[in-house]
> 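Here you go, one structure.
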Amino acid sequence: MLHSRPTQQPNLPFRIPKPHQTRTPSQSHSQLHFDVSLPKHQIPPWLSLVSTLRSLAQDPPQVSSYAAIFQSLTGKNLLRLGRQVHSHMSLRALEPDAFLGAKMIAMYASAGDLRSAVAVFRRIKYPSALLCNSIIRAYSWHWFPKKTIGVYFRMRSLGLKADHFTYPFVLKSCADLSDVRMGRYAHGLSLRTGFEEDFYVGTSLINMYVKCGGIGDARKMFDVMTVRDISSWNALIAGYMKIGEIRLAEDLFGRMVRRNIVSWTAMISGYAQNGLAGQALVLFDKMLEDDSGIKPTWVTIMSVLPACAHSAALERGREIHKLASRIGLDSDVSVQSALIAMYARCGSLAEACQCFDRIHQHKKDLVVWNTMISAYASHGRGLESVSTFEDMIRARIQPDIISFTGLLSGCSHSGLVDLGIKYFNRMKTMYNVEPEVQHCACVVDLLGRAGRLVEAKELIDKMPMQAGASAWGALLAACRKHRNLELAEVAAKKLFVLEPYSSANYVHLSNMYAEAGMWKEVANLRDLLKYRGIRKTPGCSWIEVNGKAHMFLGGDTSHPQTREIYMFLESLPEKMKQAGYVPDTSPVLHDLSEEEKEHNLTSHSEKLAIAFGLLNTSPSTIIRVTKNLRICVDCHTATKFISKIFRREIIVRDLNRFHHFTDGSCSCGDYW
DNA sequence: CTAGGGTTAG
């Protein structure tokens, strides 16, 4: 796992000239030469170093001068210059002491060269606490929690005292390793340094307990602290959000005297991660209205975009995209990938592609590629998924498990059976990625959809790990599609154990029984549902019109325009029958007369939303509807006809994927 | 020095 932090480019007004351009044979190694024919205000701060450097050439080498230089090179991403100064120092036979070593380590670590930092550390004969703190910070920054803790122990064995600069990193490492034991141990030892006065240590302790202990310990820590900081509150808020204690988080947030951008972001991302997309968006707006100089950061944008994606709020997503551009955050790759995902999940594959294409080829990281592969997959564009994957390989990015879930699901959604199996077989051999349970589930899905049910079942039986609900679920869905009741019963039986409270499985099997006219079994299942206290998830669809979301439940009559909508829907069957449409009543769960079934179908939530969209948008607008369950066969067929009769592009996002309806056909090729 | 983080099938 890579530690990704936004890399800060130095953005200098002019370039450091290449050595061969600047150094004539007469010039010594120590004399760095710069073109300074620029206005004074454009001269970068480190340029004052040049005079210091020149003075160094004359006197006997001084530790303090070099220390000052390394310090001013720290955090500036000037690795080459730093190395030059280092070799200059070595040539003059100056052995760094612990103090100078610390400065060198900081310079190397901040420039991304951990190896050199470690090399410096190893050469120092008499380490100090400062030196150890520097290398601890370097390891922590480069995401090596075990090494960090290792140095901490080494430090103690050398009789050096860990201080309030040591513990934040040690505790963060404990948190990263989910090692409460170590965390408690460090907590105990930190008591001796009098950390009560230090909110950095206190906040780190809260965070450590949030990440790997319990929220109770975190809360105790918070209560015990004598000096608190905004960040202490923020850490606890994040902790409550993490375990879904929304109200406690809200309570803390409300009681804060001052809040910073992290406080707001913690709340927004907390809402989003707990499925409260609407609240996340509301709070984001409040934050923007709040006139206390709060400005979103790249993390804020990344936290709020999934909320748009979740609720398919395309208009809102576009606004946030514009906002991000205005404050210059849209050039961040992480934000870019969040934008791609948002556009894709809001049904606008075209805008997702635009974002993807705007990223420079060499800047595309693993997540960006993965996001695009999955975006194509969910829109049923399997071939594009495959070609994006191949582009990624060509760009020398090593794929991971997520790349393959995207790729395989893409093949599955598009019926690319052989291609999918080819990639599945090559995962380990060609790409060195160990197939996991979700990949097997994808292949079960792939085979199952293609009607190769026996092979799918075989794969489940011989996969190296325990088949999960996803694999059995895929098999059940395939059995439904290909009407294999016998195998469906096997899969359903497993699922009733693996996920006993998921109504979808019961509905699937029940529908199959209904199709076969086995009403007694249907009744049995209904009793089982009742007995287990499971409610069938109500179908629910929504559509965004003029930036406002309109939601419909199945059979909903609460919308102000209900009369119009139903009048429209009731006039539909006639038109459709003229065009050759026969309603498919099989997805209706209960044993009803044919007429009643037909009426039930008329009021499916997706139909209501589509009707509302047709009535309230101009003819050229694309209708985008989102549904919480899978689209049913009848609605799918009906929507195809609607797209033809009314010459509208209709995009439906169901639980699993997108359906693009145009001119009487769907992008899924009736294969979902 | 600490707190907030995107991509995943069904």
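A quick note: this is a predicted structure, and the numbers were derived from the prediction, not measured. Chain A is the first sequence line, chain B the second, and so forth, proteins listed ahead of strands; every chain is numbered from 1.
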> Cation-pi between A:Lys364 and A:Phe356: NZ/CZ under 6.0 Å from ring centre and within 45° of the ring axis?
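The answer is yes, since A:Lys364 meets both limits relative to A:Phe356.
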> Quickly work out the A:Ile237 CD1 to B:dG4 P distance and round it to whole Å.
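A:Ile237 atom CD1 is separated from B:dG4 atom P by 11 Å.
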> What about A:Thr371, does its side chain sit under 3.5 Å from the base of B:dG6 through a donor-acceptor pair?
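Answer is no: no donor-acceptor pair is held.
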> With distance as the sole criterion, do the side chain of A:Asn260 and the base of B:dA3 form a donor-acceptor contact below 3.5 Å?
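Side chain to base: pair present.
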> Any sub-3.5 Å donor-acceptor pair from A:Ser269's side-chain atoms to A:Thr265's backbone N or O?
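Flag set: sc A:Ser269 to bb A:Thr265 pair under 3.5 Å.
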> So A:Phe404 and A:His439, would you call those rings parallel, tilted or perpendicular, with 30° and 60° as cut-offs?
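Taking A:His439 first and then A:Phe404, their aromatic rings stand perpendicular (interplane angle over 60°).
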> Base of B:dT2, side chain of A:Ser204 - is there a donor-acceptor contact under 3.5 Å?
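It does not, because no donor-acceptor pair links the side chain of A:Ser204 to the base of B:dT2 below 3.5 Å.
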> Would you say a side-chain N or O of A:Ser269 is under 4.0 Å from OP1 or OP2 of B:dG5?
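For B:dG5, OP1 or OP2 has a side-chain N or O of A:Ser269 closer than 4.0 Å.
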> With no angle test and no hydrogens, is the base of B:dG6 tied to the side chain of A:Ser337 by a donor-acceptor pair under 3.5 Å?
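In this structure, the two groups form a donor-acceptor pair.
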> Whole angstrom is fine here: how far is it from OH in A:Tyr271 over to P in B:dG4?
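Going from A:Tyr271 (OH) to B:dG4 (P), I get 17 Å.
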> Would you please confirm or rule out a distance under 4.0 Å between OP1 or OP2 of B:dG4 and any side-chain N or O of A:Lys211?
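So the side chain of A:Lys211 is within the cut-off, an N or O lying under 4.0 Å from OP1 or OP2 of B:dG4.
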> Is there a donor-acceptor pair under 3.5 Å between the side chain of A:Ser325 and the backbone N or O of A:His321?
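Yes; judged by distance alone, with no hydrogens or angles, the pair exists.
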> Would you say A:Lys172 places a side-chain N or O within less than 4.0 Å of OP1 or OP2 belonging to B:dA3?
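So the side-chain polar atoms of A:Lys172 do come within 4.0 Å of the phosphate oxygens OP1 or OP2 of B:dA3, strictly under.
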